[in-house]
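Have a look at the structure below, then the notes.
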Amino acid sequence: MFPETIYGVTYMVLAPEHPFVKDITSSLARSHPFGLSAQSRRLARLKDYVERSKKKTEQERIAEGKEKTGVFTGFYCINPVNNQKVPIWVADYVIATYGTGAVMGVPGSDHRDFAFARKYKLPIIRVIGKAKDDLSEVDSEEKVLEEGILVNSQQFSGMPTPNPARDKIKDFLEERGFGKRKNQYHLRDWLISRQRYWGPPIPMIYCEKCASEKKGYFEVGSEKRDAESLNSRNQDIKESKSRIPHFSHQESPMYGWFPVPEENLPVLLPDVKDWRPKGTGKSPLASLESFVNTKCPNCGGNAVRETDVSDTFLDSSWYFLRYLATDRNDIPFPSLKFQLSVLGSQLSETGSSVVGQSVTERQKTDKLESENRQQKTDNRIKWLPVNMYIGGAEHSVLHLLYVRFLTMVFHDLGLIDFDEPFPRFYAHGLLIKEGGKMSKSKGNVVVPDEYIKKYGADTLRTYLMFLGPFSQGGDFYDNSISGVYRFLGRVYKLVSGFVEKEHLQSQARSAKENVEPAGSQIAKKVHQTIKKVTNDMEALRFNTAIAAQMELLNTFYLYQKALKRTDLEQMLLMLAPFAPHITEELWQRLRFSVFSSRLSVPSQSVISQSVTEKQKTGKQKSENRQQKTDNWSIHLEPWPTYDPKLLEEEEVTVVVQINGKVRDNFKFQISNFKFQNKVEEEALKREKVKKHLDGKKIKRVVYVAGKIINFVVG
RNA sequence: GCCGGGGUGGUGGAAUGGUAGACACGCAGGUUUCAAAAACCUGUGAGCCUUAAAGCUCAUGAGAGUUCGACUCUCUCCCCCGGCACCA
């Protein structure tokens, strides 16, 4: 319970595994070795309860759900704030490894505690009321209040909770030395070892001899390590040692254990013929003697390796850092601490990919490259933290908890300068098949290969984005995939047709005269679409981004004769993220037709233009500079931009409502839409409007400029 | 139990408080074809009325509220999906 409720404590609960419980049982056993006294019966009950709890797995305990069980120990403790005697219970709803494993029970202000107190007839005190004089009895679940005004709490009575009461009471407890503020992270003990083959071996060595001499990494050579105490990592290890929980009855579990010396890292996963688990409870590596047997880093005698590998959860908790340095084997990820060595080694490398350049050019390039690299290295760190994590909702608890944990550890070690890996988490929807979550065991999975075979990868990819809002997922048994297939087919046909027509130049020009009005229609639609698609992409609204592009294509077909090359290029650029292959092909063909139809090498103009544009938009990546003539990928082009001037309409459609019901609409010159009187005049001329207003008195007119005029009549 | 996301045509889904149903699928009719597939064109929320055109009414899970106007905002309720570690 929260500290502000401390005056409402009527019992304490210990987890069955709590060390005090053992102390209590042995103390009871000592004082009552024989006999059938009440005390010894209690002892028997307590022992029985603890034994049964320990046999249950954590899962079972949780699965048993809301029904709380517990036993009284016969012992009491004193609540320091009011010197009240408080009974101590043992109950398995308290988790030993979380926090202290001991919890105060405040049945007046906690629903679970209330249920427990009711069941075992423990007293219930109201400490949070609706108002400062609310001393009503807490005799039903609904009367339990977790927030409100403190009552029955001595000098704190009358304070609102949670704050300021919580802080005031914390201060009070600290001043009196009753307790200390402490962050309690919601991370349970996390077992990272797995008895499997696939995974990174845990680089630890166990020496029987050293163990028998009670020596381990923490015991030997610590003087030496202390001498190097400037090394902050060893400092950290020393600190962590002090954090290993020591219960009075426990020996250090670490005798005989040593980490593999740094120069022998990494311990690689050995090749084996049979990697399947043996069912022995041990890792498959355990049966590989050449792997297992090694020398003790401490005494040099025979020793064995740890054969468990680490959990994939551990690896997946920092892979996003690794992505930024996949070209490097000497560092795990770009980091503040690694940065110096990164720069040094990179500058000494030479750019060997450039051929056929003059010496000066080459030198220039080299200089440019190393500058770029230097910049690239810096930027790599700047790229972090990740802007947005897109994942399933199921990631939002476990995976992200672990990632955040590791990130905070790296931050504390000074490796990175941020402690939250993903400032923004976006939960995408779940793709449903036949009304339920896909699972291999249910057999209701979508096999992409079948769809790729039938429709192609572009179609499947685009369809997945089109079938519903990204944040909500959708059901896959919809057949509209054929609509996307048709759409891409129509894109292909249109661009191919255009390219072919361009070959017959005369034909391409002949259509020119009647094309002007259609041309402006097209331009308007193109720019409206760019605007919409850009916004939609930013907001991850892929389904409507595609719908807008379908509309654009429909417009293109409508005014087919007036189409220009740039119209098609803009369309392909927008479509490229969805259908990367088909757009790439069509892009190349559009560019190729420039060459063949104009019979010159020029592209130069085209390309240099696109380079300037890139620089203008600032989107060009320095590493792309080389891609002059040999790389025309659409995927290296900048995203299209729209011209706001081209978005403007000459006319607006004004909707006429009468009492909020749509009755008519008419076009109005955009130059006049600001003048309500003109719009009103025009509206009142309309036959339909007259009819509906006939004989009624206009009480009010609401005009939303350029959109709606609403007559309120009596 | 707690947390999160939803509920709109026959279907998937669109709609900064301003013409509900964009864009697709499906279906119906047509063009093309020896025929079919493919492609293309037209229509398509429900109901009423009409020869037709037009028109009217009802519709966004249910019910209230705010507003000139509500799929959208507020409240109450129902249902569906997903997640969950009794975290004190």
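Order of the sequence lines sets the chain letters (A, B, ...), proteins ahead of strands, with each chain counted from 1.
- Distance noted for atom P between B/U74 and B/A22: 27 Å (whole Å).
- The minimum heavy-atom distance linking A/P107 with A/Y11 is given by the pair CD-CE2, 4.0 Å.
- Looking at heavy-atom distances under 4.0 Å, A/F711 makes no contact with the nucleic acid at all.
- Comparing B/U42 with B/C84, their P atoms are spaced 50 Å from each other, to the whole Å.
- The aromatic rings of A/F172 and A/F156 lie perpendicular to each other, with more than 60° between the two planes, well past the 30° mark.
- Pairing for B/G1 goes to B/C84, judged as Watson-Crick or G-U wobble with the two contacts each under 3.5 Å.
- The distance between atom CG of A/L494 and atom P of B/C40, rounded to the nearest whole Å, is 12 Å.
- Taking the P atoms as reference points, B/U60 lies 26 Å from B/A24, given to the whole Å.
- Atom C1' of nucleotide B/A54 and atom CG of A/N665 are separated by 15 Å, given to the nearest angstrom.
- The distance from atom NZ of A/K707 to atom P of B/G69 is 18 Å, rounded to the nearest whole Å.
- Pairing for B/U76 is with B/A62, a Watson-Crick or G-U wobble pair whose two hydrogen-bonding atom distances lie under 3.5 Å.
- Of the side-chain N and O atoms in A/N710, none sit less than 4.0 angstrom from OP1 or OP2 of B/U67.
- Set against B/C25, B/A20, B/C23, the side chain of A/F466 has B/C23 as its closest nucleotide.
- Base engagement by A/T653 is indicated by at least one non-hydrogen atom pair under 4.0 Å involving a base atom.
- Look at CG on A/L558: it is 12 Å from P on B/C23, rounded to the nearest Å.
- To the nearest angstrom, P of B/C86 lies 13 Å from CD of A/E17.
- Ring orientation note: the planes of A/Y455 and A/Y485 are nearly perpendicular, at an angle over 60° on the 30°/60° scale.
- Using a 4.0 Å cut-off, some side-chain N or O of A/R486 falls inside it from OP1 or OP2 of B/C25.
- In this structure, A/E551 reaches the sugar-phosphate backbone alone: every heavy-atom distance under 4.0 Å involves primed, P, OP1 or OP2 atoms, never a base.
- Within the 4.5 Å cutoff, side-chain heavy atoms of A/M574 are placed close to those of A/I530.
- Residue A/N554 is in sugar-phosphate contact alone, with no base atom involved, counting any heavy-atom pair closer than 4.0 Å across all strands shown.
- Considering only side-chain N and O atoms, A/R490 lies nowhere under 4.0 angstrom from the phosphate OP1 or OP2 of B/A38.
- Heavy-atom distances to RNA chain B give each of A/V655 and A/N543 a nearest nucleotide, and the one nearer the 5′ end belongs to A/N543.
- B/C48 and B/G55 make up a base pair, with Watson-Crick or G-U wobble contacts both under 3.5 Å.
- In this structure, A/K699 places its NZ atom 11 Å from P of B/G69, rounding to the nearest Å.
- Ion pairing between a basic and an acidic side chain is recognised when a charged N comes within 4.0 Å of a carboxylate O; A/E4 and A/K168 show no such pairing.
- For B/A20 and B/C27, the C1' atoms lie 22 Å apart once the distance is rounded to whole Å.
- Atom P of B/C73 sits at a distance of 26 Å from the matching atom of B/G83, rounded to the whole Å.
- Side-chain to base pairing of A/K661 with B/U57: no donor and acceptor N or O lie closer than 3.5 Å to each other.
- Across the interface with RNA chain B, nearest-nucleotide mapping of A/H692 and A/M550 shows A/M550 to be the residue nearer the 5′ end.
- Residue A/V704 is classed as a base contact, given a heavy-atom separation below 4.0 Å to a base.
- Between the CD1 atom of A/I708 and the P atom of B/U16 there is a distance of 14 Å, rounded to whole Å.
- Comparing the same atom, C1', in B/U66 and in B/A70 gives a spacing of 10 Å after rounding to whole Å.
- With a 3.5 Å ceiling on both atom-pair distances, B/U67 lacks any Watson-Crick or G-U wobble partner.
- A side-chain N or O of A/E585 and one of A/Y492 form a donor-acceptor pair less than 3.5 Å apart.
- Atom P of nucleotide B/C40 and atom CD of A/Q560 are separated by 11 Å, given to the nearest angstrom.
- Taking syn as a glycosidic angle within 90° of 0, B/G9 qualifies as syn.
- The aromatic rings of A/F542 and A/F470 sit perpendicular to each other, their planes meeting at more than 60°, with 30° as the lower class boundary.
- Of all nucleotides present, only B/U31 satisfies the Watson-Crick or G-U wobble test against B/A39, with each distance under 3.5 Å.
- In this structure B/A14 sits in no base pair that meets the Watson-Crick or G-U test at under 3.5 Å.
- A 6.0 Å sphere centred on CZ of A/R404 holds no more than 12 heavy atoms belonging to other residues, nucleotides or ligands.
- Between B/G45 and B/A52, the two C1' atoms lie 23 Å apart (nearest whole Å).
- The separation of B/G47 from B/G9, taken at their C1' atoms, amounts to 14 Å, rounded to a whole angstrom.
- One finds a side-chain N or O of A/R663 lying less than 4.0 angstrom from the OP1 or OP2 phosphate oxygen of B/C56.
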